[in-house]
Amino acid sequence: MPLIALAIAALAVGFEQLVQWQLGTMGIVALVALTAGIKSKSVAIGGIGGVILVMLLAQSG
């Protein structure tokens, strides 16, 4: 069980680094807002994070 938790944590950190490399600090802020909105079941916070991510992805593409 600890090995699975360690692997999941490593994947999460790797994904966070990928987002920061691709989208910068604002990408991390958007990802945190989206995650916090989903975990707290707050549509407003999750929506803000999602909109920021979409805007960043549209800009970089």
Side-chain angles (χ1 to χ4, degrees):
M1 188 69 173
L3 184 61
I4 294 172
L6 184 62
I8 291 173
L11 285 174
V13 169
F15 180 71
E16 181 180 331
Q17 291 297 319
L18 178 67
V19 168
Q20 187 170 9
W21 175 65
Q22 286 286 102
L23 303 174
T25 305
M26 201 61 192
I28 293 295
V29 170
L31 188 62
V32 168
L34 182 63
T35 304
I38 290 172
K39 287 191 181 213
S40 67
K41 296 182 180 156
S42 172
V43 176
I45 295 173
I48 290 170
V51 167
I52 294 171
L53 275 176
V54 167
M55 289 172 54
L56 288 171
L57 287 171
Q59 181 182 18
S60 68

Novice: Under the 4.5 Å side-chain heavy-atom rule for ILVMFWY, direct or indirect, which residues accompany Ile4?
Specialist: Ile8

Novice: Quick check on the hydrophobic clustering: are Phe15 and Leu57 connected, directly or via other members, by side-chain heavy-atom contacts under 4.5 Å?
Specialist: yes

Novice: Is there a path of hydrophobic side-chain contacts, each under 4.5 Å between heavy atoms, that joins Val32 and Leu56?
Specialist: yes

Novice: How long is the straight-line distance from CG of Leu53 back to CD1 of Ile48, given to the nearest 0.5 Å?
Specialist: 12.5 Å

Novice: Share the residues that join Leu6 in a hydrophobic cluster, the rule being Ile, Leu, Val, Met, Phe, Trp or Tyr side chains under 4.5 Å apart at the heavy-atom level.
Specialist: none

Novice: Please identify each residue that fulfils side-chain contact (heavy atoms from CB on, under 4.5 Å) with Ile38, with sequence neighbours left out.
Specialist: Leu34

Novice: On a heavy-atom basis, which atom in Ile52 and which in Ala30 lie closest, and how many Å separate them?
Specialist: CG2-CB, 3.4 Å

Novice: For Ala33, which residues count as a side-chain contact (heavy atoms from CB on, under 4.5 Å) partner, sequence neighbours excluded?
Specialist: Ile45

